[in-house]
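As structure tokens, the structure follows; a few thoughts come after it.
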Number of protein chains: 2
Amino acid sequence: MADLAALAGVSKITISRALRGSEAVHPETRERIKSLAREHGYRLNLSARNLRLQRNAMVAVVVEMQPSVERPMSEPYPLALLGGISQELTSAEYSILLMAMHELSPERLPPVDGVILLGQGEADEATVRIRELGVPVVSWGALRSGHGSLVVGSDNARGGELAAERLLSLGRRRVVYLGNTRFGEIADRCDGLKARLEAGGATLVECLDGGFTFLTGANAIRTLLSAGTHHFDGIFACSDLVAMGAIRALTDAGVDVPGDVAVVGFDDTPMASYFVPALTTIRQDWHHGGLLLARKLLSLVQGEAAQSEIMPVNLIVRSS
Amino acid sequence: MADLAALAGVSKITISRALRGSEAVHPETRERIKSLAREHGYRLNLSARNLRLQRNAMVAVVVEMQPSVERPMSEPYPLALLGGISQELTSAEYSILLMAMHELSPERLPPVDGVILLGQGEADEATVRIRELGVPVVSWGALRSGHGSLVVGSDNARGGELAAERLLSLGRRRVVYLGNTRFGEIADRCDGLKARLEAGGATLVECLDGGFTFLTGANAIRTLLSAGTHHFDGIFACSDLVAMGAIRALTDAGVDVPGDVAVVGFDDTPMASYFVPALTTIRQDWHHGGLLLARKLLSLVQGEAAQSEIMPVNLIVRSS
DNA sequence: ATGAAAGCGCTAACAT
DNA sequence: ATGTTAGCGCTTTCAT
């Protein structure tokens, strides 16, 4: 910057002001300096600026799970949420620092002004660990798993109710839930499902603690069928992929879907509509979720108040 | 740090050394300072350190496409590559700054020591734009699209050959390729396919310029079938999702897969093995690709030499 | 409309 | 084994 100042025949501070588009500097000088900077490939040292301004202009997005080939299919939400987060943060001139939960330690927290947590973890483990960092935090998930921190998430309980209503309308009386209820979001859906089923005179006959993949969905139902202890005529799965696995297990066993057993998924992933039978599912708006996460975190960072927000979900009726 | 120095009764520099685990400071003093720091919640100001050290300890990962709900399914590679990248960079104490290509401008390049580009863009647009930034760059894609910059990618031409060999072994003579060859990777696959087909006495009858989704795959084949201008008995698709779409269009039209038309996909996404018929496809090792990308960029950043690397691919034979 | 001085928190170089 | 000095590149405050 000093070099540029010498070149332009002005002082450093005028360069600084000009590049930030300050009104204080003469428009002509400003343009001259800007083009000079471009021409010489000058780039602002953001470490210096951040040191001076006592901020980082950066937000960490912490992904609870280890990214892998298997996960993006089973849980597309990280990238979808990131789209919304990125859009909002970029327009506020903040950058996104991406890291996996297990890489995070309080000592070497990277230089960020706040943290967005994607996934609160089994038994809220992630939420609890993040809170110790002493920076503003907003997490994606369930209110019950927020432990006092700000939460943005879908109305999972309502999702469960919608699934129950759909199954009830098809005359189903005995429903199986597939999902690990140690995750707050998953538990909320189960609660909503159970309450609405019982209000409609039906029963939640089983709540199976499985994983999030096609295979775990298929295996859960295979086990259930071979045990033969329960009769069931409906399934609500914690994700579309799990629902697809469940359907595969059913059709492999000669059980008709939706004739014998109706299935409702969650997420409305692109594949849901292409699967045979096309999946009835609950849709959540990840992109908007991302926007909200970013907006609320920025509020906190700037010392303003912000509140948790739960977004509506929709039932998408197809053929399962 | 000055406060901590006062508390510990030593000078700032001793604090600095102790926290970095320097040998120069007495082990006892070192531990005392470390626990004092922990106790008082002291955190190093990384902007100051980076300013002083003239580095950023950060690498930008630039994703060529806008993340969305549709993309992670169609192209799972961003997250899979990120897994490998993250693993490698974290152990070198570098952070990952994530951004979308369209958010990148030379003026406001965030404070990074280098850039990893995921996806070189149609007609290598992304590669060309990134090169102007004047920082070390490594990109995921094809050598032909590197424009002099370092590239890590799968052996796409070999992938095309493997697909051709598979189709030839099934006695196929007239093959359709589904993919936008303005992307270097996609073009390489097409070239490998064509060469090997012709060497085996078969023909590439059509090369259809489509997108990367289930729907574009289905539409391409529907159009082809209704035009009726070409007879074909084999398809090689640029992704598993496109292959699935193509298969759907075929079976919807009463064409048997693989009896009438055999189909080979690309990527070996988790869904490939669950699709009916299970997809024959080419597998690439994204995680390892991510590791290599990160390693090579770090070499460049540290002023060492590094070379492009093309990774082997495998044919996974299933039922399509 | 422009400038001079001071200092953000850290560490390398050079003492002691 | 520890300390002193100086300066990384920027912007705020207070002149002019």
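We use all heavy atoms of the structure for the numbers below, so side chains are in, but hydrogens, waters and symmetry mates are not.
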Next item on the list: Check for a donor-acceptor pair, side chain of B:Gln120 on one end and backbone N or O of B:Ala142 on the other, with a separation under 3.5 Å.
Entry: yes
Check: Is the side chain of B:Asp155 donor-acceptor paired with the backbone N or O of B:Pro312 at a distance under 3.5 Å, no angle test?
Finding: no
Next item on the list: Output all residues satisfying side-chain contact (heavy atoms from CB on, under 4.5 Å) with B:His26, sequence neighbours left out; order by chain, then residue number.
Entry: B:Glu28, B:Thr29
Next item on the list: Summarise protein proximity over nucleotides 9-16 of chain C in one line of letters, 5' to 3': B for base, S for sugar-phosphate only, - for none, counting protein heavy atoms closer than 4.0 Å.
Entry: BBBB----
Notebook entry, point to check: Does any pair with a residue in residues 296-308 of chain A pass side-chain hydrogen bond (donor to acceptor under 3.5 Å, both in side chains), and if so which ones, sequence neighbours excluded?
Noted result: A:Lys296-A:Glu309
Checklist line | End-to-end axis angle, where each axis spans five pairs of the helix from C:dA1-D:dT16 to C:dT16-D:dA1, to 10° | finding: 30°
Next item on the list: Taking heavy atoms of chain A and a 4.0 Å limit, find me the 5'-most and 3'-most nucleotide of DNA chain D within that range.
Entry: D:dG9 to D:dT12
Margin query: If we ignore hydrogens and angles and just use 3.5 Å, is the side chain of A:Arg49 paired with the main-chain N or O of A:Leu44 as donor and acceptor?
Written below: no
Check: Looking only at atom types and distance, does a side-chain atom of B:Asn45 sit under 3.5 Å from a main-chain N or O of B:Ser47, one as donor and one as acceptor?
Finding: yes
Next item on the list: In sequence, state the C-alpha distance, the side-chain angles, and the governing distance for A:Thr127 and A:Arg131, and then conclude on side chain to side chain donor-acceptor pair (under 3.5 Å).
Entry: CA-CA 6 Å; A:Thr127 317; A:Arg131 284 194 46 111; over 6 Å; no
Next item on the list: Give a yes or no on whether the backbone of A:Gln87 and the side-chain of A:Thr90 come within a donor-acceptor separation of less than 3.5 Å.
Entry: no
Note to self: Going by ring pair (Phe, Tyr, Trp, His ring centres under 6.0 Å), name the residues that satisfy it together with A:Phe183, two or more places apart in sequence or in a different chain.
What the structure shows: A:Phe212
Next item on the list: Report yes or no: does B:Arg30 contribute a side-chain atom to a donor-acceptor pair with the main-chain N or O of B:Leu19 at less than 3.5 Å?
Entry: no
